[in-house]
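Right, one structure below, let's go through it.
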Amino acid sequence: MTNKGIASLLRKVAAAYILKDENRFKIIAYEKAAEALENSTSEAKDLWREGKLTTIPGIGKTISSHLDELFRTGKVAHFESVFRGLPAAMFPLLEIPGFGAKKAYKMAHLLSLKNPDTAVDDLLKAAQDGKIALFKGFGEKSQSDIIESIQRFKKGQVKENRMPLPFAYVIASEILEYLKLHKDTKEAVTLGSLRRMVATIGDIDIAVSTKNPSSVVDWFLSYPKMGELVEKGPGGATMLLTNGHQVDMRVQSPDKFGAMLQYFTGSKNHNIKLRELALKKGLSLNEYGMKPIRKAKKLYEFANEKDLYNALDLSWVPPELREDRGEVEVAAKRKLPKLLEVKDIKGDLHIHSNYNLEPSHDLGSSSLEVLIRNAEDLKYEYIGISDHNPSFTKHTPNQIISILKARRAKFEQYIYSTKSVRVQIFIMLEVDILPDGKIPIPEEAFEYLDAIIVSIHSSFHMDKEQMTQRIISGLSHKKAKIFAHPTGRLIGSRDSYQVNWEEIFQYCQKNDKALEINAHPTRLDLPDGLVYEALKKNVKLVIDTDSHDVSQMTLMKYGVSVARRGWAEKSDILNTMPYNKLKDWLTG
DNA sequence: GCCGTTTTCGGCCCGACTGTTTTCAGTCG
């Protein structure tokens, strides 16, 4: 059973407890545990095998013993007894937006829904037949809302609507630019997951600081790419863009802007931590500021976030860290990391050129010359040209050797002939790790390579231990220094393959290998949760763009944001090193 | 049921919105 499945089971238990009027903090505990599992980078089953289930925050003695029973026997007697007396058909209804435990129970009970597999459809039919509006506490509006929710829910099951961060970032940047054109806009910034630079974004949320809210709202609503207006009020407005994405803009006066910014940046759990902390100091924190618990009338306002955090005796927490991963506690000690910044990056080691070595995968579209010139513009000290390896099904080993020999000669000839080049070049290769762990490059060919990056491009569905050994085998060559896009995920279209990360981290740390944070928009891989874990184990990382075109070299900032979300400092990232040091590591 | 540089007992975030209500229950972020 995966984390997702277990989380859904725990949510069912929480729902059952709500109906049985259990202690509400017990209910919250189950919901918290479910959420923790959904966000965990480790599979609960693996932790269970190692006896470390309670290392997940929110899972304590009781729940871990229930899960132990679940993994051993496939069911939990206690949970079954909690579910007793409740209609099984209510549980699928919990997935519908707007449905909680009570509404789901009411519907399953009143409509005598029996079959969990058809419960959602049965409910939809009942609503369409006008049966819901007859129930006490429900009316015509509730009935039509239910129909709409179910239809939306069914659509959502087919297509996940979240988009990769870089796409949302570009859309939002344009809107911010536009908003700043208005004379009454004092400040315009992103909010929510976008400000925290989470890898996938749902809606785009934006805040504007202004003394003249209505004129800014009107300006927003005349945005050229507006598709349709969803709603408009004194506090802001919501629109759908012509491309279908939703944008939510809210306005606030400058003297309260800090409190609003903090509140809507989240995350939810970070905010809960702050409010708990505020309470201990006799203060209640909300969207508008803080008030003393005893004098509810008085409100302390905050024009900026720094003052708000300082009022709680915390140092300002960068948005990327606001995930309740311990940042509040560390901020109380004034010991937050000095996070990596884009300007710290001194080179990009994973760039594909258009040199045609008849590769196993796609060729880049830009020439070495163009790439170098761009690297100079970016003020890089070095780049690595890491084309895909020559296809080994189409070439003999000897052909591969001569292809790589010719490539090196060509590159070196260009480099030596161009005195103006200040950027140093590493002649590298991105090499597939085959299913058996071998790398399809004959030993003699390594003479023509400074180093290689290894990665997985086939046979994704392997047993976890086999996959782990495959990766370690691929990394074992002394010139293999970097494991690229380590989880293999493609955001929105392909899940990660199964890997024992503990083992990979240990191997990399012991053998001086680096894991890549791939900044490509649909990858952002390593994901931030694993970056955090890797850094705890002292694994070194590199951030690369995997550019297949010169225009993609600017995507580095997204890789940096992933690293920041994983608490990375400059010293954790190898390509912040100056050329000589980086060269020692890469070719040493 | 979980958790701990003010606690191993006694706490556990806050407000908005919505629909059906004459004062609130349920859900959401």
Side-chain angles (χ1 to χ4, degrees), chain A residues 10-11 13-36 53-67 78-79 82 93-107 132-146 148-149 191-193 196 202-203 205 231 233-236 238 248 250 259-260 262-291 293 296 299 312-314 322 324 326 328-335:
Chain A
L10 296 182
R11 284 190 200 282
V13 176
Y17 274 150
I18 289 174
L19 296 169
K20 302 203 161 173
D21 220 11
E22 254 295 352
N23 176 316
R24 67 191 188 95
F25 296 110
K26 192 195 262 192
I27 296 163
I28 291 171
Y30 271 87
E31 283 168 348
K32 262 193 170 164
E35 197 188 324
L53 260 183
T54 52
T55 57
I56 297 181
I59 295 190
K61 232 173 156 183
T62 308
I63 295 184
S64 73
S65 81
H66 289 325
L67 294 188
H78 175 66
F79 292 173
V82 175
L93 306 185
L94 295 170
E95 310 286 328
I96 304 169
F99 272 68
K102 301 199 176 177
K103 204 186 283 184
Y105 173 77
K106 230 178 200 172
M107 287 301 134
I132 308 289
L134 305 174
F135 297 146
K136 187 166 187 289
F138 291 81
E140 291 290 338
K141 184 69 168 72
S142 313
Q143 180 166 274
S144 60
D145 283 352
I146 287 175
E148 200 183 314
S149 290
L191 297 169
S193 50
R196 303 200 311 281
D203 295 342
D205 293 315
E231 69 179 314
T238 302
D248 203 349
R250 42 188 95 238
M260 184 246 234
Q262 197 291 313
Y263 180 88
F264 285 104
T265 297
S267 67
K268 182 180 157 201
N269 287 332
H270 174 83
N271 286 359
I272 288 175
K273 261 280 160 58
L274 286 197
R275 285 177 221 141
E276 284 173 353
L277 187 63
L279 278 182
K280 287 181 189 158
K281 298 177 189 299
L283 295 162
S284 171
L285 172 63
N286 65 28
E287 156 183 7
Y288 309 104
M290 273 184 240
K291 55 195 177 193
I293 294 171
L299 181 73
L312 294 171
D313 296 322
L314 300 172
R322 300 183 193 172
D324 193 23
V328 176
E329 293 82 349
V330 180
K333 294 179 193 158
R334 313 263 164 177
K335 285 197 172 147

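Quick note on labels: first sequence line is chain A, next is B, and so on, each numbered from 1.
Of the two residues near DNA chain B, Ile28(A) and Ile63(A), the one whose nearest nucleotide lies more 5' is Ile63(A). Of the residues near DNA chain B, Tyr263(A) and Gly137(A), the one whose nearest nucleotide (by heavy atom distance) lies more toward the 5' end is Gly137(A).
Atom P of dC12(B) sits at a distance of 26 Å from the matching atom of dC17(B), rounded to the whole Å. Using P as the reference atom, dT20(B) and dT27(B) are 14 Å apart when rounded to the nearest Å. For the C1' atom pair drawn from dT18(B) and dG11(B), the interatomic distance equals 32 Å after rounding to whole Å. Comparing dG4(B) with dT8(B), their P atoms sit 13 Å apart, to the nearest whole Å. Taking atom C1' on both dT21(B) and dG26(B), the two are 13 Å apart, rounded to the nearest angstrom. Taking atom C1' on both dC2(B) and dT7(B), the two are 13 Å apart, rounded to the nearest angstrom. Atom P of dG15(B) sits at a distance of 27 Å from the matching atom of dG10(B), rounded to the whole Å.
We find that CD of Glu22(A) is positioned 7 Å from P of dG1(B), with the value rounded to whole Å. Atom P of nucleotide dT20(B) and atom CG of Asp145(A) are separated by 8 Å, given to the nearest angstrom. The distance between atom CZ of Phe135(A) and atom C1' of dG19(B), rounded to the nearest whole Å, is 17 Å. Atom CG in Leu53(A) sits about 11 Å away from atom P in dC2(B), given to the nearest Å.
A close approach under 4.0 Å does occur between a side-chain nitrogen or oxygen of Ser284(A) and OP1 or OP2 of dC14(B). Dashed line: the shortest gap from a side-chain N or O of Asn286(A) to OP1 or OP2 of dC14(B) is not under 4.0 Å. OP1 or OP2 of dG19(B) sits under 4.0 Å from a side-chain N or O of Lys141(A). Between Tyr288(A) and dA16(B) there is a side-chain N or O to OP1 or OP2 distance below 4.0 Å.
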Taking N or O atoms only and anything under 3.5 Å, show me the protein contacts with nucleotides 4-9 of chain B, one pair per line.
none

Would you tabulate the nitrogen or oxygen pairs shorter than 3.5 Å linking the protein to nucleotides 25-27 of chain B?
unit_1	atom_1	unit_2	atom_2	d
dG26(B)	OP2	Lys102(A)	NZ	2.9
dT27(B)	OP1	Gly100(A)	N	2.6
dT27(B)	OP1	Gly100(A)	O	3.2
dT27(B)	OP1	Lys103(A)	N	3.2

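Formation of a donor-acceptor pair under 3.5 Å by the Thr238(A) side chain with backbone atoms of Asp248(A) is not found in this model. Remark: the backbone N or O of Tyr263(A) is not paired with any side-chain donor or acceptor of Glu287(A) at under 3.5 angstrom.
Residues passing the salt bridge (Lys or Arg N to Asp or Glu O under 4.0 Å) test with Glu329(A) are Lys273(A), sequence neighbours excluded.
At the heavy-atom level, Asn271(A) lies nowhere under 4.0 Å from the strands shown. Within 4.0 Å (heavy atoms only), Leu279(A) reaches sugar-phosphate atoms of the nucleic acid but no base atom.
Considering every non-hydrogen atom in both Leu94(A) and Ala104(A), the closest pair reads CD2-CB, 3.8 Å. Annotation for Ala133(A) and Gln143(A): closest pair N-OE1, 2.8 Å, computed over non-hydrogen atoms.
Taking the side chain of Ser142(A) as heavy atoms from C-beta on, and the options dC2(B), dG19(B), dG15(B), the nearest nucleotide is dG19(B). The listed nucleotides are dG1(B), dG19(B), dA16(B); the one nearest the side chain of Glu287(A) is dA16(B).
A donor N or O paired with an acceptor N or O is not found under 3.5 Å between the base of dG1(B) and the side-chain atoms of Tyr17(A).
Looking only at side-chain heavy atoms (C-beta outward), Met290(A) and Leu274(A) stay at 4.5 Å or farther from each other. In this structure the side chain of Ile132(A) reaches within 4.5 angstrom of the side chain of Met107(A), judged on heavy atoms. Here the side chains of Val328(A) and Glu276(A) are not in contact, with every heavy-atom distance at 4.5 Å or above.
Distance check: Leu10(A) CG to Leu67(A) CG gives 6.0 Å after rounding to the nearest 0.5 Å. In this structure, NZ on Lys106(A) lies 10.0 Å from CZ on Phe135(A), to the nearest 0.5 angstrom.
Ring orientation note: the planes of Tyr30(A) and Tyr17(A) are nearly perpendicular, at an angle over 60° on the 30°/60° scale.
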